[in-house]
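Below you'll find the structure, written out as C-alpha cells, and then a few comments.
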Amino acid sequence: MQLTSLGLVRGIIGYFVGLVIGMAVVMISRLALGMSAWDQEAGWVGGIVFATIGFMLAVGSMTDWLKWTRGVETPFHHGPPVGKPAWTRYFSVDYNHKVIGIQYGVTGFLLLIIGGSFALVFRAELADSGISFLQPGTYNTFLSMHAWVALASILLGVGGMANYLVPLMIGAEDMAFPRLNAFAYWINVPAIITLMISMLFGWDSGWTAYPPLSLRGPVGYQMVFWAIFGIGLSSILGSLNLIVTMLTMRPKGMTLFRMPIFCWAILATSIIQLTATQLIGLAFLMLSFERTLGMPFFNPLYNALGENIGGQPLLFQHLFWFYSHPAVYVFVLPGLGIISELLPVFARKPLFGYRWIALSSLAIALVGFLVWGHHMFTSGYGEYLRVVFMISTLLVAVPTGVKFFSWLGTLWGGRLTFPTPMLFTLGAISVFLIGGLSGPILATAATDLFLHDSYFVVGHFHATIFGGFVFPFFAAIYYWYPKITGRMYNETLGKIHFWLMTPGFWVMSLAQMTAGTMGMRRRIADYDPALGVEPVHMLITIAGFVIAFSILLMIYNLFTSAEVGALAGNNPWRSRSPEWQIPSPVPEHSYARPITVVGEPYDYGLAGSTYVAMAGAGDD
Amino acid sequence: MLKLPQSSTDRKHFVIVGALVVIATIALGFFLLAILPVKAQHSVQAEPIRWLFQLHVWLIAFLFALVVVFMLYALIVFRKRKGDDSEGEHFEGNTTLEVAWTVIPLILVVIFSFIGFQTLRDATRGGDEVQVEAVGFQWSWTFNYPNGVVSQEMVLPVNKPALISLRATDVIHSFWVVEWGPKQDLVPGMTTRIHITPTKVGEFQIVCAELCGLSHWSMVAKVRVVPEDEYIAWMNQKLVEQNIQTASR
C-alpha cells in the first residue's frame, strides 16, 4: 500500500505545496506593486490561505463537488474502501457519519492530550516561585496554545459525539449532507497544522487575543487568527448539517419531544454554533486585516490634534465575547445532554422532567447570547452595562438549576448501578456543580472586580468545562465504547481512572480558587512568594499530574480492550435507545430497515413499553 | 440501625436528608470561608466586596449541600441490591416541583441582582480629595500628580478618598492592588478611573492584571499608604527635588 493513498498524507503534501504557492503569489504581487518581495505578515497570510485550500483539494474533501460542477455523476453511497485495510478509511475522506464521528472524536482526544501536555509544562514551572526552565516568552506561548488547543479539542470532541450519535439516535442512515460533513471535519486539520506552526514564532496574548497586544506581537498571531477561522468554519457547517438532520430526518413517530435528550442538547448547541461563531470569525479576520494591511479597526490612531481617528480596542472585546461566551455553552450543553442521557439508563427510571430539561437547554442557549459583557466588567465600558450584564448573567442560574434538580429527581427512587460511565456521569455533576456555583460570585460585578483575571476565574471555568465537557465526554466514551468496538473496556481500570481523576480535579479546582482569593493573577510566568500561594501552586501541579496519569490509564484501557475485551453484545446497558437495538459494532448502514418510534424514550420501569419498533426485527 | 422506608416518596427520607443538608451547609460554609481567604481588606471599597463574597459563600454552601447530600443519599439508599432485578419506580416528573425550582431561583436572582447593584455602587464610588494619574506601559508604571510631581511609586494618604485616573500608552493593562479589592483596566485611547480610599498604612504592590506581553508578570510598582502629614512631607520633598514651583500650580 502506498502512503499517498492515505488522504491525510496527500493533504499534508497539498498543505505545504499550497503554502509555497501562496507565499509566491504574495511575493510576485508585491513586486508587481513595486514593494519589497517579502513581508512576513502578508507572506504568511497568503501562504496559509493557499495551504488550507491545497490541503482540502489534495485530501479529496471537494472531489465530489468538483465532479458535480463538471456534470460527472458520483455514487450515492460510498462504502468502505475497496482493496485497502479497513483502518485506512479513518485517514481519508469518508462520508459515513460514524467514520467522521470517530475522526472528530479521536482528533479531539489527541488535541486534548496535546493541550493538556502544554498545561503540564507550565504547571511544572509554576510548582514553585522563581523562573526555572520556562522563560516568560515561551511560557506565554505555551499558556496561549494550551487554551486554543484545548478549545479546539472540545469543539472536535463535541463534533465527534454529535456526528456519531445523532443520526444513530434518530434512526437516520446518515447526516443530511454527508459531503459537507466530511468537509467540516477535514477543514479542522489544516487549521490545526497552522495553529501548531504558530508555536515556531510564538504569540503571547492568551486565547483572547485582545488588541492592541495581538496587533504588535510576532507573526504567530496570523496563524492563530486563520486557524481559528478554519475551525470556526467547521463549527458553522457542522452545526448547519446537524440542525437539518434533526429537523428533517427523524423517523415516523419521533416528535421533537420524543427525541433522545442528547439531541435536544445538540440542537441548542448547533443554534449557537451556527450563529455566534461568525462573530469570532469576523473579529479575528479584522485583526488579521489590521495587522496585514494596516486597517485601523481596533487600534487608536491619532491625528495632529491628538484626536482618535482610528479604532476602539473595546469593540474587539464585544465581538470576541459575543461568540466566546455562548461558546462555553457549546462546550457544556452536549455534556449536560450526555448526563441526562445516561442517568435514566443506570437508574432504571424515566428521565425526570424530560420537557423541562429539553427546554432548559434552549433557555441556556438563548440567555447565553445576552451575557457576553460579564467578561468586561473591568474593561472600562459604560458603567451601567455592568448592571445589565450582571442581571442577565445571574439568569443563567435558573435553567441550569432546573437541570441539576431534574437529575436528582431522576436518581431518586431508582435502582442505581455504578459502572464506569455512571461514575463519570456523577463525577461530572459534582464538578459541574463546583463550576456552576462559583459562577454567581463572578456574575455580581462587585466581587468580579476583585476576582477578575485571577486564579479564581481559572478554577471556575476549568470546573465548568471539565464538569460540562471532559467528564461527560469520558462517560460517553466508556458508555458507547462497546457499541463502537463491539467489546467491553476493562472495568477495573476504568474505576481506577475515575477515582484518580475526580478527587484530583476537586483538589485542583478548589486550590485554584484559593489562589485567586489570595491575589494570584492569571497568566503570569512567575509569582511573588510573598503572596503565600506557593504551597497552593504545588498542590495544583500535583493534582494536574494525577489527572494526566489517570488519562494515560484510560488510553491504555481503550487500546488494549479493543483486542482483548469481552464481547459486548448488542445492548450491554439494557438501554431503550435505538442504537443499542442493532449489532455492535454498528453495521455500515446502521439500520437494516427504517425504525418507527412507538413510545417515550425513557420509560424505564413501565412494563411492556418500548421506544422504537424495528421493522422486520430479528433478521439483523 | 434506622429502618428506611421502601417508597421513595415517604416523608422520612426527606426529614433525614433535610437534617443532613443543614449540617452539611454549616460545615461546608466554614470550610469554604477557610480555604477562600479574600485578601481585599484595606480599602473602603473592599468592604462591600468581602461582605458580598461571604454572602455568596453561604448560598453556595447551601446549594452545594442540597444537591450533593440528595445525590449521595440517593446513591446509597436507592442503589441496586444484589439479586434485585426490578426496575426503578416509574415517575416521569412533577410539574409543581419543576415550577418551584424555576421560580425560587428566579426570586433569588432578583434579590442578588438588587444586592449586586448596591454592592457594585459601594465598591466603585468615592471622592476625589487626592488625585493621581497612573500610566501603564510595557512593562512598568508611572504616577503623575496634578501638581506636576512625577513618581515611580504611588504614595497616598490613608483614609483620604483618592481618584486614580488610568491611562495606557501601548496595550491594555489592568490596575490592581490586591489588598484594595477592585481592579480597573487601562485602555489605549481611553481614560478610565477607579476610586480607592485606602484604610491601612503600609506598602503594597500595584500589579498588572491583564496579560500585556512578555514581561507582564513583572509589571509591578510600589504603593505606599502613609499618614497624611507624611504624605504632605513627601509631596513637598518631591516638589523640591523636581524643581516645581508650588505657587504656579
Side-chain angles (χ1 to χ4, degrees), chain A residues 136-137 204-206 210 212-213 216 300 308 312-314 347-350 352-353 356 378-380 386-387 390-391 394-395 397-398 401-402 404-405 408 411-417 433 437 440-441 444-447 449-450 452-453 510 513-514 517-519 521 523-526 604-606, chain B residues 8 35-40 48-49 52-53 56 60 63-64 67-68 70-71 74-75 78-80 84 86-90 92-93 98 101-102 105-106 109 112-113 116-117 119-120 123 170-172 174 178 181-185 187-190 192 207 209-217:
Chain A
D204 54 6
S205 65
Y210 280 4
L213 181 61
R216 294 171 167 243
N308 180 10
Q312 225 296 359
L314 290 192
R348 312 306 304 167
K349 256 186 88 242
F352 192 94
W356 289 82
T378 68
S379 70
R386 287 172 169 167
V387 181
M390 172 172 71
I391 296 170
L394 286 169
L395 277 175
V398 178
V402 168
F404 274 106
F405 296 128
L408 291 180
L411 290 173
W412 200 256
R415 296 288 179 275
L416 304 167
T417 51
L433 191 61
L437 288 178
I441 297 195
T444 50
T447 33
L449 297 183
F450 174 60
H452 185 83
D453 268 324
L510 291 177
M513 291 181 196
T514 303
T517 54
M518 292 171 83
R521 294 174 280 156
R523 296 167 162 178
I524 52 175
D526 189 23
Y604 293 97
L606 187 67
Chain B
S8 69
I35 66 161
L36 298 173
V38 176
K39 283 285 169 66
I49 291 176
L52 181 58
F53 189 92
H56 271 298
I60 289 170
L63 290 173
F64 194 87
V67 173
V68 168
F70 260 96
M71 189 165 102
L75 299 190
F78 302 116
R79 72 185 186 279
K80 180 176 158 326
D84 174 10
S86 64
E87 301 277 82
E89 289 172 49
H90 189 270
E92 289 171 12
E98 297 278 4
W101 60 50
T102 305
L106 208 53
V109 165
F112 264 81
S113 296
F117 169 71
T119 42
L120 177 64
D170 39 31
V171 301
I172 297 174
S174 190
V178 174
K183 62 175 72 70
Q184 175 62 54
D185 289 2
V187 186
M190 288 170 75
T192 51
V207 296
E210 178 68 52
L211 181 50
C212 60
L214 183 67
S215 299
H216 162 62
W217 61 282

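Excluded from the calculations below are hydrogen atoms, water molecules and symmetry mates; all remaining heavy atoms, backbone and side chain alike, are included. Throughout, protein chains are lettered first and strands after them, A, B, ... in sequence-line order, and every chain is numbered starting at 1.
Taking all atoms of both residues into account, the shortest heavy-atom contact from B/F117 to A/M390 is N-CE, 3.3 Å. For the residue pair B/Q184 and A/S379, the shortest heavy atom distance occurs at NE2-C, 3.9 Å.
B/F112 is linked by a ring pair (Phe, Tyr, Trp, His ring centres under 6.0 Å) to B/H56, counting only residues two or more places apart in sequence or in another chain.
In this structure the side chain of A/F450 never reaches within 4.5 angstrom of the side chain of B/P182, judged on heavy atoms. Using a 4.5 Å heavy-atom cutoff, the side chains of A/Y210 and B/E210 are in contact. Looking only at side-chain heavy atoms (C-beta outward), A/V398 and B/T102 come within less than 4.5 Å of each other. Contact annotation: the side chain of B/H216 approaches that of A/R521 to within less than 4.5 Å [non-hydrogen atoms, C-beta and beyond]. Taking the side chain as every heavy atom from C-beta outward, A/T517 and B/K39 never approach each other to under 4.5 Å. Side-chain contact between A/L395 and B/L106 is present, with at least one heavy-atom pair separated by less than 4.5 Å. The shortest side-chain heavy-atom distance between B/E92 and A/F352 does not fall under the 4.5 Å cut-off. Looking only at side-chain heavy atoms (C-beta outward), B/D170 and A/P212 stay at 4.5 Å or farther from each other.
The contact between A/S205 and chain B is made entirely by backbone atoms, counting heavy-atom distances below 4.5 Å. Using a 4.5 Å cut-off between heavy atoms, A/P300 contacts chain B through its side chain alone, with no backbone atom that close. If you measure heavy-atom distances from B/S86 to chain A, the contacts under 4.5 Å come from both the backbone and the side chain. In this structure, chain A has a heavy atom under 4.5 Å from the side chain of B/M190, while its backbone stays farther away. Using a 4.5 Å cut-off between heavy atoms, A/A445 contacts chain B through both its backbone and its side chain. Contact annotation for B/V67: both backbone and side-chain heavy atoms come within less than 4.5 Å of a heavy atom of chain A. Both the backbone and the side chain of A/D526 come within contact range of chain B, judged by heavy atoms closer than 4.5 Å. Of the atoms belonging to A/L408, it is side-chain heavy atoms, and not backbone ones, that fall under 4.5 Å from chain B. With a 4.5 Å cut-off on non-hydrogen atoms, A/M513 touches chain B through its backbone and its side chain both.
By number of non-hydrogen pairs under 4.5 angstrom with chain A, the leading residue of B/P37, B/S174, B/A123 is B/P37. Across A/L437, A/D204, A/I524, the residue that shares the most heavy-atom pairs under 4.5 angstrom with chain B is A/L437. In terms of heavy-atom pairs under 4.5 Å with chain A, the best-connected choice from B/P48, B/P188, B/A40 is B/P188. The candidate from B/V68, B/L63, B/T192, B/V38 with the greatest count of non-hydrogen atom pairs under 4.5 Å with chain A is B/V38. In terms of heavy-atom pairs under 4.5 angstrom with chain B, the leader among A/G519, A/G413, A/P440 is A/G413. For the set B/D84, B/V187, B/I35, the count of heavy-atom pairs under 4.5 angstrom toward chain A peaks at B/I35. Of the residues considered (A/Q312, A/R386, A/R348), A/R348 shows the highest number of contacts with chain B, using heavy-atom pairs under 4.5 Å.
Taken to the nearest 0.5 Å, the OG1 atom of A/T417 stands 12.5 Å off from the CZ atom of B/R79. To the nearest 0.5 Å, atoms CG (B/L52) and OG1 (A/T447) are separated by 4.5 Å. A distance of 7.0 Å separates OG of B/S8 from NZ of A/K349, quoted to the nearest 0.5 Å.
Of the charged side-chain nitrogens involved, none lies within less than 4.0 Å of a carboxylate oxygen, so that A/D453 and B/K183 do not count as a salt-bridged pair.
Side chains of A/T378 and B/D185: a donor-acceptor N/O pair is present below 3.5 angstrom, by distance only.
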Check against side-chain contact (heavy atoms from CB on, under 4.5 Å), A/L213 and B/I172: CA-CA 7 Å; A/L213 181 61; B/I172 297 174; over 6 Å; no

side-chain contact (heavy atoms from CB on, under 4.5 Å) evaluation trace for A/T444 with B/L120: CA-CA 8 Å; A/T444 50; B/L120 177 64; over 6 Å; no

Audit row: A/T514, B/L36, side-chain contact (heavy atoms from CB on, under 4.5 Å) steps and yes/no: CA-CA 5 Å; A/T514 303; B/L36 298 173; 4.2 Å; yes

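Taking the centre of each ring, A/F404 and B/W101 stay at or above the 6.0 Å mark.
Between B/F78 and A/W412, the ring planes are perpendicular. Angles over 60° get that label, and only those under 30° would be called parallel.
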